[in-house]
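Working notes, structure below.
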Amino acid sequence: MARGEPKSLENLLPRVLARLAGESGKGHPLAPVWAAVVGPHLARHTTPQALHGTTLVVAVTGAEWARSLESEAASLCERLNARLGPGTVTALTFTFGVSRR
């Protein structure tokens with residue numbers, strides 16, 4: 001079995017987290033990746049809740065956050081997939097109920 005070049009933990013960890021999220025159906029393992037993609041301000045108002053197939057369910061603190069993120073969904077999926085691997089997240093859905101941190 002041939003091995004490729006060693007990969008950094010920074011490159012491997014998001015894919016491992018995506019695999020865990022996919023296997024468990026829970027999105028919580030993706031929280032660090034989500035926060036890195038959306039930034040600290042949005043991360044305070046949003047939390048990944050579940051990964052159903054390739055759809056990431058994100059809890060938000062209010063309708064204004066859902067509307068804002070819906071308009072950015074394609075870009076967010078692209079940025080998530082850049083970290084998690086192609087096709088990991090193809091859609092985002094939003095639900096209400098995350099508590100403010």
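Numbers for residues simply follow the sequence, beginning at 1.
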>> Could you check, using the six-membered ring where one of them is a Trp, whether Trp65 and His41 have ring centers closer than 6.0 angstrom?
In response: yes

> Taking Ser71 for the side chain and Ser68 for the main chain, is one N or O donor matched with an acceptor at less than 3.5 Å?
Replying inline: yes

>> Between Ser75 (side chain only) and Glu72 (backbone N and O only), is there a donor and an acceptor less than 3.5 Å apart?
In response: no

> Phe96 and Ala66: which non-hydrogen atoms are nearest, and at how many Å?
Replying inline: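 Taking Phe96 first and Ala66 second, the nearest heavy atoms are CE2-CB, 4.2 Å.
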
Taking the side chain as C-beta and beyond, is there a heavy-atom pair between [X] and [Y] under 4.5 Å?
X: Val89; Y: Thr55; answer: no
X: Thr47; Y: Val58; answer: no
X: Phe94; Y: Val57; answer: no
X: Leu84; Y: Leu30; answer: yes
X: Cys77; Y: Leu92; answer: yes
X: Leu42; Y: Leu69; answer: yes
X: Leu76; Y: Val38; answer: yes

> What do you reckon, is CD of Glu78 surrounded by more than 12 foreign heavy atoms closer than 6.0 Å?
Replying inline: no

> What's the verdict on side chain to side chain contact (heavy atoms under 4.5 Å, CB included) for Leu80 and Val33, showing C-alpha distance, side-chain angles and the deciding distance?
Replying inline: CA-CA 7 Å; Leu80 285 164; Val33 176; 4.1 Å; yes

> Distance from His52 atom NE2 to Thr93 atom OG1, nearest 0.5 Å?
Replying inline: 7.0 Å

